[in-house]
Amino acid sequence: GGYLVRINSMDEFNAIGKEIKAQGLENNVFWIAGERDYSTMPHYRWMDYDFRMSKSMIDVDKEYEPMWLEGEPSFKGTNLDGDEVEESYLVLLFSKSKDKFVLNDVPYDLDSYYHDNMGYIIEYED
């Protein structure tokens, strides 16, 4: 009955990061419920438990600005072969250089990058 977490406030963002650190998992990268369909929807939005996109645009809403990794979202990246790929999904990760958790946009095939350190954060409705 759960679904990938949608982060609705800075307080929730900080609480999630605090819990990850408390469990000693800050070296992991976590799937969360933000995504975009680059062919029809240029902005990142939260996916809800019914697989509907929210109206909030995570990449332009000022509330989310401090959550992003510097220079992100980039919308595109390169794969291990050096080919350009669309980045359409969001992850939460710990930036050691910034000493904080951040959002980053990534391609779907993350397993080749983080295969030993992937996780996901699930939330449940009360």
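Keep in mind that what you see is a predicted model, and the values were worked out from it rather than measured.
- Counting heavy atoms from C-beta outward, K76 and E87 have side chains that stay 4.5 Å or more apart.
- In summary, R45 and E35 do not engage in a salt bridge, as defined by a charged side-chain N under 4.0 Å from a carboxylate O.
- Atom-to-atom distance recorded for Y3:OH and Y120:OH is 16.0 Å, nearest 0.5 angstrom.
- Evaluated for a side-chain contact (heavy atoms from CB on, under 4.5 Å) with W31, the options L90, V106, I122 yield exactly one hit, V106.
- By the salt bridge (Lys or Arg N to Asp or Glu O under 4.0 Å) test, K21 is found to be paired with no residue, residues two or more places apart in sequence or in another chain being considered.
- No single ILVMFWY cluster, assembled from side-chain heavy atoms under 4.5 Å apart, contains both I121 and M118.
- A donor-acceptor contact shorter than 3.5 Å is absent between the side chain of D83 and the backbone of N79.
- With sequence neighbours excluded, the residues satisfying salt bridge (Lys or Arg N to Asp or Glu O under 4.0 Å) with R6 are E123, E125.
- Considering every non-hydrogen atom in both F94 and D99, the closest pair reads CZ-OD1, 3.3 Å.
- Two different hydrophobic clusters hold V102 and I16 under the rule that ILVMFWY side chains link at heavy-atom gaps under 4.5 Å.
- E72 places a side-chain N or O within 3.5 Å of a backbone atom of S74 that can act as its donor or acceptor partner.
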Please list every donor-acceptor pair under 3.5 Å in which a side-chain atom of residues 55-67 meets a protein atom from a residue at least two apart or in another chain.
{"residue": "D59", "atom": "OD1", "partner": "Y44", "partner atom": "N", "Å": "2.8"}
{"residue": "D59", "atom": "OD2", "partner": "H43", "partner atom": "ND1", "Å": "2.9"}
{"residue": "D61", "atom": "OD1", "partner": "E63", "partner atom": "N", "Å": "3.0"}
{"residue": "K62", "atom": "NZ", "partner": "E65", "partner atom": "OE1", "Å": "3.2"}
{"residue": "Y64", "atom": "OH", "partner": "I7", "partner atom": "O", "Å": "3.0"}
{"residue": "Y64", "atom": "OH", "partner": "W46", "partner atom": "NE1", "Å": "3.0"}

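- Between F30 and V5, the closest side-chain pair of non-hydrogen atoms is not below 4.5 Å.
- Between W68 and P73, some side-chain heavy-atom pair lies under the 4.5 Å cut-off.
- Of the inter-residue distances, the one linking L93 atom CG with I20 atom CD1 reads 9.5 Å to the nearest 0.5 angstrom.
- Within the 3.5 Å criterion, the main-chain N or O of N27 finds a donor-acceptor partner in the side chain of N117.
- Between K100 and E26, none of the side-chain N atoms (NZ, or NE/NH1/NH2) sits under 4.0 Å from a carboxylate O, so this pair counts as no salt bridge.
- The six-membered or imidazole ring of Y108 lies near that of Y89, with a centre-to-centre distance under 6.0 Å.
- Between N104 and V29 there is no side-chain heavy-atom pair separated by less than 4.5 Å.
- Within a 6.0 Å radius of CD in Q23, more than 12 heavy atoms belonging to other residues, nucleotides or ligands are found.
- Annotation: the span from N28 atom CG to L92 atom CG amounts to 11.0 Å, rounded to 0.5 Å.
- Atom CZ of F75 has more than 12 neighbouring heavy atoms from other residues, nucleotides or ligands inside a 6.0 Å radius.
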